[in-house]
2 protein chains.
Amino acid sequence: MSTDICALCPVREHALCSCLSDEERVVLAGFCQRRRFTAGETVMWAGDESRICANLQSGVLKVVAATTDGREQIVSLVYPADFVGEPYATETAFTVTALSDAELCTFPRLLFERFLEEHARIENLLLQRTFKALNEARARMLTLARLSAGEKVASLLLEMAAQAGRCRCQLGLSEPVTFDLPMTRGHMADVLGMTIETVSRQLTKLKSAEVIVLSGARTVTIVDGNALKGRTMAA
Amino acid sequence: MSTDICALCPVREHALCSCLSDEERVVLAGFCQRRRFTAGETVMWAGDESRICANLQSGVLKVVAATTDGREQIVSLVYPADFVGEPYATETAFTVTALSDAELCTFPRLLFERFLEEHARIENLLLQRTFKALNEARARMLTLARLSAGEKVASLLLEMAAQAGRCRCQLGLSEPVTFDLPMTRGHMADVLGMTIETVSRQLTKLKSAEVIVLSGARTVTIVDGNALKGRTMAA
DNA sequence: CGAGGCATTGAGTCTGATCAATTTGAGTGG
DNA sequence: CCACTCAAATTGATCAGACTCAATGCCTCG
């Protein structure tokens with residue numbers, strides 16, 4: 001039964017558990033619980049007791065840091081096959097919310113910790129992923145602190161194009177690429193540490209410069225990828 | 001011989017390796033190499049091949065992200081007993097430089113990886129530390145993106161006071177606390193994503209409000225810790 | 001005592017936030 | 001199929017906070 005569940009898993013090949021043998025997978029599946037969240041629903045609240053870890057199967061989640069007076073910053077976007085949650089933490093550090101409808105494969109934290117300890121390969125992979133997440137967070141610190149509004153928006157566009165291209169096969173920068181933005185202007189602003197208005201103005205500027213084409217609010221075509229990259233200036 | 005080295009290690013009790021048995025420590029010490037760096041010297045360069053990991057024994061390091069055109073952001077401060085480097089990464093992600101004279105206990109990356117795989121306890125602890133670093137980076141993202149200059153400086157002052165207090169025993173916020181800033185205005189600006197001038201102006205403002213006293217450029221007394229905390233506003 | 005790096009202070013500018021008014025567009029129900 | 005609704009997005013005008021440029025002051029260490 002449990003192996004059947006994994007057979008249908010859309011991220012079977014890419015999630016952390018892809019390193020497991022069939023037998024190990026049976027053990028893990030034995031205490032996993034699939035859960036669905038609708039867009040806007042919160043998966044875990046900052047400050048709450050940390051009870052679960054999970055793999056994202058479909059949809060997109062945001063990890064949000066907030067001040068006491070309500071200012072918010074998206075500190076990470078979680079895509080399918082990504083891991084969410086923090087083993088060994090008693091308290092949840094940041095609120096995690098579904099940006100779109102999402103499906104998670106959740107594990108009780110304590111059982112997952114036990115599993116990690118008994119399966120060195122998966123623990124090792126989680127370590128590598130966590131370092132990768134750390135590098136991403138640090139790279140974004142540079143973006144947040146030192147790039148101009150225009151540079152921030154250009155960077156995010158390229159990033160989202162790359163993410164979109166991870167599914168469909170991606171062409172180079174010389175060819176026009178069309179894709180749907182996976183988030184609203186408001187979310188883009190929350191990721192980049194700016195306001196909705198400024199994001200919108202920068203997109204308009206890119207449109208006027210004929211670097212991109214906006215077809216409706218959500219669909220973008222990157223006409224001149226090199227020009228867009230030139231507006232980035234980050235390493 | 002190797003155990004003697006560790007016996008003199010100033011961070012023996014707090015570094016990653018504190019979880020090891022004497023026998024394990026001998027193995028690890030077998031391929032460690034102690035190295036000294038003078039203030040300003042760079043320990044590893046972003047983009048270079050990743051050859052070492054290390055524990056910091058004394059001094060303070062900075063981890064720096066930079067744009068191609070020279071803008072810089074300090075993405076992490078490394079204190080004694082902290083771990084530096086990235087196992088399993090072929091390339092160094094960020095430049096690491098000594099802020100003060102520093103002593104490192106370095107390990108060749110590949111050997112350290114092998115050691116991790118054979119010693120689950122230490123790998124487990126490294127995982128936990130990496131998650132902690134990730135949480136810190138994410139918390140700082142909020143600071144960089146959403147706090148005002150005044151809030152940023154107040155936060156950093158409290159953080160540095162806490163760090164200073166980790167050595168000497170720290171009093172509560174109601175009592176005045178005096179300590180030396182471990183960095184220049186310039187470094188504070190690099191950490192907070194602002195300019196030297198703005199940092200200086202915010203400190204002057206705090207001095208005028210009699211929240212702090214500045215005795216020379218480097219020594220600070222937090223007179224009214226609660227007022228300082230009140231100027232923070234971050235969660 | 002002098003030199004040089006840090007730090008402070010001031011004046012002016014500019015980027016991006018704020019406030020406010022439309023416009024667009026997707027979804028709903030008549 | 002069209003009008004309606006409501007959220008999202010765009011656009012404009014104004015303002016403030018932080019940056020830039022420039023001058024001066026202050027430690028620290030030869």
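This one's a predicted model, so the numbers in the text were calculated from it and none came from an experiment. First the proteins, then the strands, lettered A, B, ... as listed; each starts at 1.
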With side chains defined as the heavy atoms from C-beta onward, is the minimum distance between B:L56 and B:V11 less than 4.5 Å?
no
Does B:R218 make a side-chain N or O approach to OP1 or OP2 of D:dC27 shorter than 4.0 Å?
no
Are any of B:S200's side-chain N or O atoms less than 4.0 Å away from OP1 or OP2 of C:dT8?
yes
A:L144 atom CG is separated from C:dG16 atom C1', nearest whole Å, by 15 Å
Regarding B:E103 and B:S58, is there a side-chain donor-to-acceptor distance under 3.5 Å anywhere?
yes
Should the pair A:R109-A:E49 be classified as a salt bridge under the 4.0 Å nitrogen-to-oxygen rule?
no
I'd like to know if A:D190 and B:R146 make a salt bridge, using a cut-off of under 4.0 Å between side-chain N and carboxylate O.
yes
Does OP1 or OP2 of D:dA18 have a side-chain N or O of B:T195 closer than 4.0 Å?
no
Send over the distance from B:K152 NZ to D:dG17 C1', rounded to a whole Å.
11 Å
Provide, to the nearest angstrom, the distance between the CZ atom belonging to B:R146 and the P atom belonging to C:dA17.
8 Å
Closest nucleotide among C:dT8, C:dG10, D:dA13 to the B:T204 side chain:
C:dT8
Tell me: CG of B:L99 to P of C:dC6, nearest whole Å?
12 Å
Kindly say whether, by distance alone, the side chain of B:R185 makes a donor-acceptor pair under 3.5 Å with the base of C:dG5?
no
Do the side-chain N or O atoms of B:T198 get closer than 4.0 angstrom to the phosphate oxygens (OP1, OP2) of D:dC19?
yes
Out of C:dA7, C:dA17, D:dA18, which nucleotide sits closest to the side chain of A:M194?
C:dA17
Taken to the nearest whole Å, CD/B:E197 to C1'/D:dC21 is 9 Å
Expressed in angstrom and rounded to an integer, what is the separation of A:D180 atom CG from D:dA8 atom P?
17 Å
Which one, D:dA9, C:dG16, D:dG12, comes nearest to the side chain of A:A217?
D:dA9
